[in-house]
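The block underneath contains the structure these notes are about, expressed in structure tokens.
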Amino acid sequence: MDLSLTSDQQNIREAILKLCSRFPDEYWLERDRDGVFPLEFHKMMAEAGWLGIAMPEDVGGSGLGITEAAIMMQAVAESGGCMTAASSIHGPIFSMQPVALFGTEAQKQRMIPPVLRGEDRICFAVTEPNVGLETTKLKTRAERRDGGYLVNGEKIWISVAQVANKMMLLARTTPLDEVKRKTDGLSLFFTDLDRSRIEVRLIHKMGRHAVDSNMLFISDLWIPEEDRIGAEGDGFKIILHGLNPERILLGAEAIGIGRVAIQRAARYAQERIVFDRPIGMNQGIQHPLAKCWAQVEAANLMVMKAATLFDKGLDCGVEANAGKYLAAESGFEACHTAMLTLGGMGYAQEYHVERYLREILIPRTAPVSPHMILNFLAEKVLGLPKSY
Ligand SMILES: Cc1cc2nc3c(=O)[nH]c(=O)nc-3n(C[C@H](O)[C@H](O)[C@H](O)COP(=O)(O)OP(=O)(O)OC[C@H]3O[C@@H](n4cnc5c(N)ncnc54)[C@H](O)[C@@H]3O)c2cc1C
């Protein structure tokens with residue numbers, strides 16, 4: 001059991017931290033204030049080839065694994081870019097996995113390279129307002145017509161839709177009462193985000209202001225058959241292949257945020273003098289930070305275990321969920337502790353930890369809530385009755 005990074009993995013981490021240092025905390029604070037998508041950051045990462053880190057080489061990727069992608073996304077968040085930086089680029093890494101795995105050769109060559117080059121920007125449209133976490137009840141309907149599908153429905157919380165031109169969409173092709181299993185009858189599409197048929201309405205939210213979240217109102221959207229990924233009705237099964245990587249990456253990002261929060265707080269605790277000594281001399285300041293460090297690094301081991309299992313083609317559902325849970329909870333604790341360490345300045349934007357705290361709340365809730373992860377672990381690991 002070797003838990004250290006290989007030299008290639010260490011090089012990835014260092015290269016990303018170096019690239020991201022061109023975008024300091026002040027840049028991300030400005031984006032948070034003006035709410036403008038960090039296009040120049042997205043462009044830099046695409047041009048340097050990082051969006052394809054976990055995509056096959058024959059479609060322009062680097063052919064590396066989710067482990068390397070997790071190391072990369074952890075460094076992106078740890079640079080101080082937090083969820084704003086991460087969410088501006090992580091979609092191509094996990095959302096395109098279903099195309100790489102289930103697309104035809106023609107689809108892979110048509111769909112993946114423009115996303116990796118940064119020419120196409122994608123959003124991932126699954127969640128619906130009246131369905132919540134019960135994904136099998138999705139109501140957005142894709143009705144079969146000659147040569148394609150006519151789609152109507154609503155989606156909610158869809159990130160990046162203000163600037164995306166492409167959309168990965170999960171919709172129902174066979175009504176729920178006509179399928180044998182409730183996971184059947186959903187289909188996955190990768191298609192144009194046609195604004196003449198989709199109204200994209202911004203949701204005003206707590207943080208990550210530069211990466212938008214939206215409601216989508218879809219009316220009579222035409223999707224040609226060649227934009228369906230995999231067989232009709234298999235969308236739920238196909239999308240599962242992107243969900244574990246998504247949990248792993250979100251977990252890695254939460255670790256990155258936890259780390260930068262602890263670093264900032266420790267620095268402040270060295271420098272801030274009260275009662276004629278650094279506040280960091282007080283164990284009441286030291287111990288919570290040390291505890292956060294231990295929790296964040298322990299969570300990291302679970303996230304990396306999940307990534308390693310995934311890359312070996314082994315089942316990683318339990319570890320990916322547990323890793324995302326532990327990372328988000330410990331990352332939250334780290335950000336909150338950092339804020340308390342900075343006293344009043346913890347509440348000031350120019351010290352950044354209030355932004356970290358607002359942004360760590362995203363991986364705490366999305367893509368799956370802590371409650372649902374604990375439900376899942378109780379059932380799958382402990383053998384307790386399914387409670388949902
Ligand atoms: C900033 C942000 C960005 C997002 N980006 C995207 C995106 O790009 N694409 C996308 O498709 N979605 C996106 N989401 C949606 C996100 O994945 C969902 O918000 C999340 O999955 C929770 O779903 P919900 O809000 O409908 O919660 P609900 O299903 O309404 O649940 C509400 C609460 O009840 C709890 N609950 C429900 N049932 C149970 C149960 N049986 N046992 C215990 N607790 C239960 C849940 O855990 C949750 O806390 C985003 C969300 C946010 C906040």
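Numbering of ligands and ligand atoms starts at 1, following listing order.
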- Item | Y27 six-ring centre to R31 NZ/CZ under 6.0 Å and within 45° of normal | yes
- Task: Tell me which part of W157 gets within contact of ligand 1: side chain, backbone, both or neither, using heavy atoms under 4.0 Å.
- Result: both
- Message: Between V131 and L216, is there shared hydrophobic-cluster membership here, with clusters defined by ILVMFWY side-chain heavy atoms closer than 4.5 Å?
- Response: no
- Query: Taking atom types as modelled, is there a side-chain donor on Q74 or R259 under 3.5 Å from an acceptor on the other?
  - Reply: yes
- Task: Look at atom 3 (C) of ligand 1 and say which protein heavy atom is nearest, naming residue and atom and giving the distance to 0.1 Å.
- Result: S159 OG, 3.4 Å
- Query: Against heavy atoms of L133, which atoms of ligand 1 measure under 4.0 Å?
  - Reply: 21 (O), 22 (C), 23 (O), 29 (O), 31 (O), 46 (C), 47 (O)
- Query: How about atom 25 (O) of ligand 1: does it have a protein heavy atom within less than 4.0 Å?
  - Reply: no
- Task: Starting from atom 47 (O) of ligand 1, locate the nearest protein heavy atom and write down its residue, its atom name and how far away it is, to 0.1 Å.
- Result: S369 OG, 2.5 Å
- Message: Is atom 33 (C) of ligand 1 touching the protein, meaning some protein heavy atom lies under 4.0 Å away?
- Response: no
- Message: Name the residue from R272, E271, Q286, Q270 that meets the side chain to side chain contact (heavy atoms under 4.5 Å, CB included) definition with I279.
- Response: R272
- Query: Do ligand 1 and E128 have nitrogen or oxygen atoms that lie under 3.5 Å from each other?
  - Reply: no
- Message: Under 4.0 Å from atom 36 (N) of ligand 1, is there at least one protein heavy atom?
- Response: no
- Item | Y388 N/O to ligand 1 N/O under 3.5 Å | no
- Would you say ligand 1 has an N or O under 3.5 Å from any N or O of V126? yes
- What protein heavy atom sits nearest atom 42 (N) of ligand 1, and how far off is it? N375 ND2, 3.0 Å
- Task: Using distance alone, determine whether M372 and ligand 1 share an N or O pair under 3.5 Å.
- Result: no
- Message: To check your reading of the model: name the closest protein heavy atom to atom 9 (N) of ligand 1, its residue, and the distance in Å.
- Response: F124 O, 2.8 Å
- Item | Heavy atom of the protein closest to atom 11 (O) of ligand 1 (residue, atom name, distance) | T127 N, 2.9 Å
- Message: Tell me the contacting part of V160 for ligand 1: side chain, backbone, both, or neither, using a 4.0 Å heavy-atom threshold, strictly below.
- Response: neither
